[in-house]
Number of protein chains: 2
Amino acid sequence: MDGQDRRRRPTISDVAAAAGVSVKTVSRVINGEPGVRPALAERVLAAVAELGFRRNALASGLRSGRASATIGLIIEDLANPFYSTIAAAVAKVARGHDTHLITVSSEEDPALERRQFAELCQRRVDGLIIVPAGSDHAYTRSEAELGLKMVFLDRPPSGILADSVVVDNAAGAAAGVADLLAAGHRRIGVITDSPSVYTARERLAGVRTALAGAGVPYDDALVRTDVADPGRAARAVAAMLDGADPPTAFFTGNNRITVGAIQELCRRGHDAALTGFDDFELSALMPRPLTVVGYDVRELGRAAAARLFARIGGDASWPSETVVPTRLERRGIGS
Amino acid sequence: MDGQDRRRRPTISDVAAAAGVSVKTVSRVINGEPGVRPALAERVLAAVAELGFRRNALASGLRSGRASATIGLIIEDLANPFYSTIAAAVAKVARGHDTHLITVSSEEDPALERRQFAELCQRRVDGLIIVPAGSDHAYTRSEAELGLKMVFLDRPPSGILADSVVVDNAAGAAAGVADLLAAGHRRIGVITDSPSVYTARERLAGVRTALAGAGVPYDDALVRTDVADPGRAARAVAAMLDGADPPTAFFTGNNRITVGAIQELCRRGHDAALTGFDDFELSALMPRPLTVVGYDVRELGRAAAARLFARIGGDASWPSETVVPTRLERRGIGS
DNA sequence: CCCACGGAAGACATCGTTGTCAACGGCGTC
DNA sequence: GACGCCGTTGACAACGATGTCTTCCGTGGG
């Protein structure tokens with residue numbers, strides 16, 4: 001309650017005074033070092049308990065030069081289930097290494113990403129997992145040279161050589177479109193985010209590969225890019241359906257777009273086939289059939305964290321790119 | 001790449017040597033303290049840039065005795081959207097106070113919760129937001145006396161007097177059941193988690209209040225507790241519908257139970273009314289009408305963080321309980 | 001010409017802890 | 001009885017930074 005006249009937090013030297021020993025002896029006891037007579041150790045432990053002493057991990061880390069037992073995770077937005085799933089997976093791996101996780105959101109702002117990066121460096125995190133917002137990460141180089149371990153997640157870094165873990169975007173999109181083609185569709189509406197986004201670019205490339213593989217020409221009128229939210233996605237679907245020679249199927253580039261497409265198709269009761277990249281929560285309960293290009297999001301986080309701790313543990317091999325596979329899943333009620 | 005023969009991280013004294021000044025002068029420059037001739041300051045900044053110096057925030061905090069600019073959040077599982085929404089809201093408020101957030105999962109294990117608590121204390125976090133797993137928090141008292149600020153979230157603490165932020169569980173449940181009663185339902189199946197869970201207990205109390213208010217007797221045969229996952233919820237719904245004199249409506253105690261109930265009702269094509277506590281993602285797209293007792297989950301996190309930073313800022317008022325209101329929302333397609 | 005004065009810069013102690021090394025006492029050994 | 005050894009314990013420095021205080025210098029007034 002009253003924050004003014006509370007007592008000072010006890011230090012190791014308070015404990016030493018209370019137990020009538022030197023600070024070094026206290027240090028030995030609380031760190032389980034050998035060479036302390038049991039009787040003394042007991043007195044020290046009693047003093048520790050009585051004073052409610054807790055070792056200051058920051059001071060301890062400073063003196064001993066040990067790693068800080070902290071890693072950082074820079075993502076776009078923790079409120080997004082995709083990122084929170086990753087954060088949970090990373091935290092779980094970190095716990096296995098007795099390491100804490102500081103998660104920060106870059107809000108897709110490269111400048112903020114840089115600031116967050118600098119702050120985490122000042123805290124002397126042992127490593128960082130970064131979902132890059134910016135497109136140039138040369139600024140991380142000096143820290144990497146000073147021993148900061150980094151793993152880039154979901155998108156590869158540019159301007160620096162470092163580990164990365166990404167989804168098999170092109171192959172997944174190609175498989176999704178190939179599936180629609182195999183079902184006989186020849187006019188497939190493609191709706192995706194801006195090609196400035198790595199994943200959107202890769203997925204669109206996969207779409208082209210699949211079309212080419214089936215000898216179906218790529219038709220610009222059937223491709224809509226720069227769609228960033230469900231509302232816009234719904235309007236894009238509407239526009240294509242209202243156009244001349246409408247598509248009989250849609251391929252959507254991420255789950256926000258997929259949700260927008262579902263809303264518009266359900267609203268019209270239209271039965272166009274729909275395949276979307278990314279699975280999402282409760283996709284199985286959607287009121288119409290759809291197919292998703294799914295992958296294990298936790299695996300993304302897990303693989304990145306595993307890579308990071310391998311580096312922290314001393315792995316000095318050449319940077320690697322880990323690719324997480326995708327698979328087609330039938331979703332929605334009635335599928 | 002090569003982690004062995006990299007150079008040591010430069011310290012303030014390396015910078016001082018490079019600039020030909022004392023460490024104190026460097027300290028003054030990097031902290032923007034007055035009293036340094038511009039020419040010298042420039043030399044220092046040049047050295048900082050050249051060496052890639054970054055102040056060690058841990059050492060700085062140790063010496064200056066400032067707060068660590070870190071808070072902790074103890075939740076059950078970051079992968080759960082409810083908790084990740086809270087974490088995101090807390091992180092956002094924290095950023096406004098130039099504070100980092102360490103999130104840890106207790107996995108609903110009171111022993112782990114205590115361990116996590118201790119670890120965060122050793123890191124000298126300025127404050128903690130705790131979603132309690134255990135039922136006794138007297139063990140936090142000594143830290144509270146040493147100045148640790150705490151706010152309990154979603155469930156009040158026991159064994160210690162501290163701020164808390166909770167949902168208006170009883171009133172929300174009462175409103176949900178009253179709504180079903182107003183629609184003419186007299187046999188309402190109630191499915192909830194174990195009464196050992198605070199929220200389940202409060203919500204069940206709200207249910208009884210509403211029934212009593214309408215003069216409808218509380219019938220044990222229509223109440224099923226200790227339901228902890230969608231599968232069990234579906235089976236509970238099935239059992240009630242298959243019983244004699246089945247309910248015409250269901251009230252479900254949380255969103256996992258609501259989802260299980262929807263699955264079973266959809267499977268049977270049964271048209272019982274359904275009202276559930278907690279909104280959930282995509283509830284609007286559920287293939288049947290339902291009503292949810294919703295509330296602003298972000299507001300929970302936001303309020304808790306605001307309370308915590310008020311405490312950190314010196315607020316020494318009597319501990320308060322903040323109650324976040326609920327409201328009924330019609331959800332599902334066709335509602 | 002001397003001294004008080006004020007601004008700039010540095011020397012030194014310090015935060016809480018751990019690493020290094022020296023000191024101490026008791027013991028066995030020659 | 002002197003020596004060396006070993007198991008204990010403590011004194012002191014150091015980690016990387018900042019707070020306090022002193023020193024130094026140039027200036028202006030008497």
Side-chain angles (χ1 to χ4, degrees), chain A residues 7-45 47-48 51-70 119 121-126 146-147, chain B residues 7-45 47-48 51-70 119 121-126 146-147:
Chain A
R7 56 185 207 277
R8 200 176 50 89
R9 187 176 277 278
T11 72
I12 196 174
S13 99
D14 296 325
V15 175
V21 298
S22 74
V23 294
K24 181 65 216 196
T25 298
V26 176
S27 171
R28 274 191 266 259
V29 172
I30 61 182
N31 289 300
E33 285 174 39
V36 179
R37 280 200 334 257
L40 258 199
E42 208 166 309
R43 250 165 58 204
V44 169
L45 290 176
V48 164
L51 296 179
F53 168 80
R54 271 185 219 278
R55 158 162 117 243
N56 184 327
L58 280 51
S60 167
L62 173 62
R63 174 59 239 234
S64 65
R66 271 195 313 267
S68 64
T70 313
E119 282 180 21
C121 287
Q122 298 203 164
R123 300 222 166 196
R124 297 296 185 265
V125 294
D126 304 327
L146 290 171
Chain B
R7 56 186 208 276
R8 201 176 50 89
R9 188 176 277 279
T11 72
I12 195 173
S13 100
D14 296 325
V15 174
V21 299
S22 73
V23 295
K24 182 64 218 195
T25 298
V26 176
S27 172
R28 275 192 265 259
V29 172
I30 61 183
N31 290 300
E33 286 174 39
V36 179
R37 282 198 332 256
L40 259 199
E42 206 166 313
R43 250 164 58 203
V44 169
L45 290 175
V48 164
L51 297 179
F53 168 80
R54 270 185 220 278
R55 158 160 113 245
N56 183 328
L58 281 52
S60 167
L62 173 62
R63 176 59 183 107
S64 64
R66 272 195 312 267
S68 65
T70 313
E119 282 179 21
C121 287
Q122 298 202 165
R123 301 226 165 192
R124 298 295 186 268
V125 294
D126 304 328
L146 289 171

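Note that the structure is predicted; figures quoted are calculated from it, not measured. Numbered from 1 within each chain, the chains take letters A, B, ... in sequence-line order.
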### Message
Rounded to the nearest 0.5 Å, what separates atom CG in B:Leu51 from atom CD1 in B:Ile12?
### Response
12.0 Å
### For atom CG of B:Leu58 and atom P of D:dG16, their distance in whole Å
12 Å
#### Entry: Heavy-atom closest contact (A:Leu62 atom, B:Leu62 atom, distance)
CD2-CD2, 3.5 Å
### Query
Expressed in angstrom and rounded to an integer, what is the separation of A:Asn56 atom CG from D:dG16 atom C1'?
14 Å
### Task
Not counting sequence neighbours, which residues clear side chain to side chain contact (heavy atoms under 4.5 Å, CB included) with A:Arg63? List them please.
none
### Summary
Outermost contacting nts on DNA chain C, any atom under 4.0 Å from chain A heavy atoms, listed 5' then 3', are C:dG16 to C:dT20
## Note on the structure
Here the distance between atom P of D:dG16 and atom CG of B:Asn31, to the nearest Å, is 17 Å
#### Entry: Separation of D:dG16 P from B:Arg9 CZ (nearest whole Å)
11 Å
Donor-acceptor pairs under 3.5 angstrom involving side-chain atoms of residues 26-41 of chain B: please list them, not counting sequence neighbours.
| residue | atom | partner | partner atom | Å |
| --- | --- | --- | --- | --- |
| B:Ser27 | OG | B:Asn31 | ND2 | 3.4 |
| B:Asn31 | OD1 | B:Arg55 | NH1 | 3.3 |
| B:Asn31 | ND2 | B:Ser27 | O | 2.8 |

### Task
Find the distance A:Ile12:CD1 to D:dA14:C1' and express it as a whole number of Å.
15 Å
### Query
Considering residues at least two apart in sequence or located in another chain, which fulfil the side chain to side chain contact (heavy atoms under 4.5 Å, CB included) criterion with A:Ala19?
A:Val21, A:Val44, A:Ala47
### Summary
residues 12-26 of chain B vs salt bridge (charged side-chain N to carboxylate O under 4.0 Å, His left out), sequence neighbours excluded, gives B:Arg8-B:Asp14
### Task
Would you mind reading off the distance between B:Leu62 atom CG and D:dG16 atom C1', rounded to a whole angstrom?
9 Å
### Message
For A:Arg123, give me all partners under salt bridge (Lys or Arg N to Asp or Glu O under 4.0 Å), at least two apart in sequence or on another chain.
### Response
none
### Query
Between atom CZ in B:Arg55 and atom C1' in D:dG16, what is the gap in whole Å?
11 Å
### Message
I want to check something: taking the side chain as every heavy atom from C-beta on, are A:Val48 and A:Pro10 in contact at a cut-off of under 4.5 Å?
### Response
no
### Protein-to-nucleotide contact annotation, 5' to 3' order, nucleotides 7-13 of chain D [B base; S sugar-phosphate only; - none; under 4.0 Å, heavy atom]
-SBBB-B
### Query
Got a sec, which residues hit salt bridge (Lys or Arg N to Asp or Glu O under 4.0 Å) with B:Arg124, two or more places apart in sequence or on another chain?
none
### Query
With A:Asp126, which residues qualify under side-chain hydrogen bond (donor to acceptor under 3.5 Å, both in side chains), at least two apart?
A:Ser68
### Message
Test of understanding: with side chain to side chain contact (heavy atoms under 4.5 Å, CB included), list the residues that count as partners of B:Glu42, not counting sequence neighbours.
### Response
none
### Bend angle of the helix from C:dC1-D:dG30 to C:dC30-D:dG1, end axes from five pairs each (to 10°)
70°
### Task
Look at the side-chain N and O atoms of A:Arg124 and state whether any lies under 4.0 Å from the OP1 or OP2 oxygen of D:dG16.
no
